[in-house]
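I have placed the structure first, in the form of structure tokens, so that the comments after it can refer back to it.
Chain naming here is simple, since letters A, B, ... match the order of the sequence lines and numbering starts at 1 in each.
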Protein chains: 2
Amino acid sequence: MSGDQSAKRPVPTMRDIAAAAAVSQSTVSRVLSGAPTTVPIAPETRQRVLRTARELGYRPNPLARGLRGASTNLIGAVVRDFSDPFFAGVIEALVVESMAHGYNVVLGHVPGRAGEEAGDRAGEKAGEKAAAVAGEEAVALTAVLETRHIDAVVLLGDMQEHPQLLADLRNSIVPVVALWPGTSPREFPTVDADDRAGIRAGLSHLVSLGHKRIAFVNAELPNDYRVREDAYLDFMREHFGAVPPGYVERCASTLAGGDAALRRLMDRPDPPTAVAASTDVVAIGVLHAAHSVGVTVPGDLSVVGFDDILIAAHTVPALTTVRMPISEIVGYAVTQAVRLAREPVDAQRVPTLEIFKPALTVRDSTAPRR
Amino acid sequence: MSGDQSAKRPVPTMRDIAAAAAVSQSTVSRVLSGAPTTVPIAPETRQRVLRTARELGYRPNPLARGLRGASTNLIGAVVRDFSDPFFAGVIEALVVESMAHGYNVVLGHVPGRAGEEAGDRAGEKAGEKAAAVAGEEAVALTAVLETRHIDAVVLLGDMQEHPQLLADLRNSIVPVVALWPGTSPREFPTVDADDRAGIRAGLSHLVSLGHKRIAFVNAELPNDYRVREDAYLDFMREHFGAVPPGYVERCASTLAGGDAALRRLMDRPDPPTAVAASTDVVAIGVLHAAHSVGVTVPGDLSVVGFDDILIAAHTVPALTTVRMPISEIVGYAVTQAVRLAREPVDAQRVPTLEIFKPALTVRDSTAPRR
DNA sequence: ATGATGCAGGCATACGATTTCACCCACCAA
DNA sequence: TTGGTGGGTGAAATCGTATGCCTGCATCAT
């Protein structure tokens with residue numbers, strides 16, 4: 001068919017279509033963009049152009065589109081911590097939801113303090129470029145964004161560690177939606193979960209099983225985000241008048257962190273009979289540690305997690321946890337982001353706040369106190 | 001500082017720099033791109049331009065760059081299954097590695113049979129556009145790519161289910177690197193692991209512990225990818241002369257799949273004393289099922305996984321598995337992709353093949369046969 | 001003194017699509 | 001016949017960057 005031509009120009013341009021359909025390139029643009037043109041197009045011309053485009057296998061060049069200020073249909077996702085299974089699930093939901101809206105997702109990962117390093121290694125490719133461009137560190141931080149390359153940005157998790165990124169975002173024109181913002185200032189439209197209600201649901205469940213010696217393992221973010229911990233403290237004070245001293249353990253937000261935290265708790269003279277964890281990841285670490293030190297779950301110890309990540313239903317034993325409505329939250333956020341991407345700039349920065357309610361999911365890691 | 005100006009033009013262009021530094025736009029481009037120009041630039045001019053750029057907070061517009069055929073520094077990742085924790089880890093590695101090379105990652109997910117649906121819902125945004133563009137289904141499938149928007153494509157997992165995607169890739173000029181291609185035809189440079197060696201390592205370990213009744217749980221991909229299963233069959237025949245009948249269970253590549261498979265195995269009159277799973281995900285399902293039906297691991301049953309995903313070290317009990325060298329594989333692939341992105345088109349499609357060796361990681365889910 | 005060299009930098013154009021403006025033509029009313 | 005009028009189309013500017021080509025201006029050798 002288009003043999004040798006496709007070898008040279010695999011993707012035909014509008015000019016090619018125009019030549020083949022014997023119209024001008026402007027007409028091709030008008031027909032293919034499908035936008036309600038100000039100018040009328042004869043039905044037959046329209047058909048001819050469409051047919052030609054199909055035959056030649058036309059694909060619009062999004063870069064050229066974007067250059068004119070049109071949308072690139074790209075959503076940038078900046079995620080605090082990649083290795084966290086919770087965010088892995090979030091990203092999946094985000095990608096699926098975005099594609100359903102006709103958008104793709106560009107992943108950005110905010111390097112800890114690695115601005116320098118990233119710049120250096122990028123230099124491999126860019127030659128002197130990296131060194132030459134002004135304000136290189138700042139550029140490295142906002143790498144994903146490269147403003148205007150992207151129609152909207154979704155912030156996943158606490159971004160407090162990256163003020164530079166937030167500042168860049170603030171000064172740019174891209175709409176931003178923040179999810180699970182933690183301690184980040186509420187400067188963008190935000191979607192979050194009612195952490196306090198979630199923690200209370202888990203704790204109420206433990207109390208209803210007769211537990212009193214309930215410890216809390218808090219996955220500590222770099223900036224003290226203590227909503228879940230505070231919810232625990234308040235709950236304990238309400239129900240028992242006081243928080244058992246030493247019953248709050250803080251640890252890294254990892255499996256190993258939860259593991260270590262439980263070991264510390266069980267080493268106490270008065271070990272708890274139940275543990276609430278601030279995330280499933282640490283809860284799974286707790287499960288593992290309990291098994292390692294010979295504590296039976298749920299016989300000797302009840303464990304409640306938070307998030308209901310994918311593996312939670314298949315741990316040993318299956319984890320009782322609080323389901324984070326990820327798809328609802330992400331779905332809402334994407335809808336919001338897409339809407340903002342189309343709206344005039346001035347309407348975008350209203351820091352709205354939408355809260356979703358988590359719900360308890362009882363499985364096998366909790367049992368009545370012995 | 002730049003008060004009202006930033007309100008109108010948040011991101012200055014090269015033209016702005018040029019005006020401010022009293023040089024031509026071309027000079028600005030030459031200085032900022034840092035490429036070894038054919039044209040000499042006076043050091044002082046260079047400095048002046050750089051300073052001006054810094055002061056005005058210049059950021060290159062990647063779209064405009066890309067339009068000229070330059071690189072967009074974007075790598076497209078197409079992943080077979082998002083919900084798989086294995087691929088979550090892979091994506092993390094990919095993002096980190098890509099950013100180290102100065103690239104960002106665009107996530108694509110190949111919809112099962114959902115071409116229609118995706119197109120419809122995308123229509124929300126594009127109005128008649130979606131319907132108007134030729135070959136809409138094809139466009140939906142290659143959504144991420146939008147050829148030339150991306151410098152290279154990394155294929156994650158088996159793409160056999162998506163011949164349309166492969167065809168598009170074949171006809172486009174983007175370099176492609178395939179990772180863990182499974183049954184996909186070897187038409188691109190490929191990076192894979194030595195599955196056979198990995199399975200044999202796991203099985204040898206079980207045999208050295210005295211196990212003979214070793215079953216295999218195969219996470220079945222849509223296209224029968226049976227390298228791991230075949231490795232098991234061969235191994236068993238070599239060591240025991242035959243494969244115990246009914247000892248190969250196939251299941252969905254999910255936690256629930258592994259769960260169900262183990263239940264079937266343990267229901268047999270001659271249950272195995274050890275199980276090798278083709279992936280950690282199903283192995284974790286196996287662990288969970290064993291616990292549910294009262295089979296102790298590793299007392300009654302030894303379990304070996306494959307992949308060494310993040311949670312594997314923290315399951316109950318910690319999973320003995322075969323470590324998939326993800327970072328090595330991804331690192332090699334990204335280096336390759338970046339190199340190909342810079343090379344002339346004709347050198348790109350040589351279907352090279354690089355194989356990495358997995359290694360056994362012994363933890364607590366295996367023990368001598370009782 | 002003068003053409004040859006080399007250094008610095010500007011001009012113009014290309015990239016592919018969008019969009020504004022202008023144009024042509026047919027048809028209708030006056 | 002002529003001045004609309006409006007439908008249908010094309011030419012050209014534009015977006016921001018990269019680059020081939022050309023032009024000044026010194027300096028240098030002859």
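Ranked by how close their nearest DNA chain C nucleotide is to the 5' end, S29(A) and R15(A) are led by R15(A).
Shown here are the side chain to side chain contact (heavy atoms under 4.5 Å, CB included) partners of A19(A), two or more places apart in sequence or in another chain: there are none. Shown here are the side chain to side chain donor-acceptor pair (under 3.5 Å) partners of R15(A), two or more places apart in sequence or in another chain: there are none. Annotation: salt bridge (Lys or Arg N to Asp or Glu O under 4.0 Å) contacts of R339(A) (sequence neighbours excluded): E343(A). For T52(A), the side chain to side chain contact (heavy atoms under 4.5 Å, CB included) partners two or more places apart in sequence, or in a different chain, are I17(A), A20(A), A21(A), R48(A), L56(A). Considering only residues two or more places apart in sequence or on other chains, T335(A) meets the side chain to side chain contact (heavy atoms under 4.5 Å, CB included) condition with H101(A). Here S98(B) pairs with nothing under the side chain to side chain donor-acceptor pair (under 3.5 Å) rule; sequence neighbours left out. With sequence neighbours excluded, the residues that form a side chain to side chain donor-acceptor pair (under 3.5 Å) with E187(B) are R170(B). Under the side chain to side chain donor-acceptor pair (under 3.5 Å) criterion, T190(A) pairs with no residue at all, not counting sequence neighbours.
Look at Y58(B) and you'll find a side-chain N or O under 4.0 angstrom from OP1 or OP2 of dT17(D). Contact check, R65(A) against dG16(C): no side-chain N or O comes under 4.0 Å of OP1 or OP2.
Bending across the helix from dA1(C)-dT30(D) to dA30(C)-dT1(D), expressed as the angle between its end axes from five pairs apiece, amounts to 70° (10° rounding).
Distance CE (M14(B)) to C1' (dG10(C)): 15 Å, rounded to an integer number of Å. For the pair I17(B) CD1 and dG16(D) C1', the interatomic distance rounds to 12 Å; values are reported in whole Å. The distance from atom CG of L32(A) to atom P of dT19(C) is 14 Å, rounded to the nearest whole Å. If you measure from atom CG of N61(A) to atom P of dC15(C), you get 12 Å, rounded to the nearest angstrom.
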Expected rows: protein N/O vs nucleotides 6-8 of chain C N/O, under 3.5 Å:
none

Anything under 3.5 Å between a protein N or O and an N or O of nucleotides 11-14 of chain D, put it in a table, one pair a line.
from: dA11(D); atom 1: N7; to: S26(A); atom 2: OG; distance (Å): 3.3
from: dA11(D); atom 1: N6; to: S26(A); atom 2: OG; distance (Å): 3.2
from: dT14(D); atom 1: O2; to: R68(A); atom 2: NH1; distance (Å): 2.1

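Across dG16(D), dG10(C), dA18(D), the shortest atom-to-atom separation from the side chain of T27(B) is found for dG10(C).
In this structure a side-chain-to-backbone donor-acceptor pair under 3.5 Å is present from S184(A) to M159(A).
Nucleic acid contact for V28(B): none, since no nucleic acid atom lies under 4.0 Å from a heavy atom of the residue.
Considering CD of E44(B) and CZ of R51(B), their distance stands at 10.5 Å, rounded to 0.5 Å.
A donor and an acceptor atom, one from each side chain of T27(B) and S24(B), are located under 3.5 Å apart.
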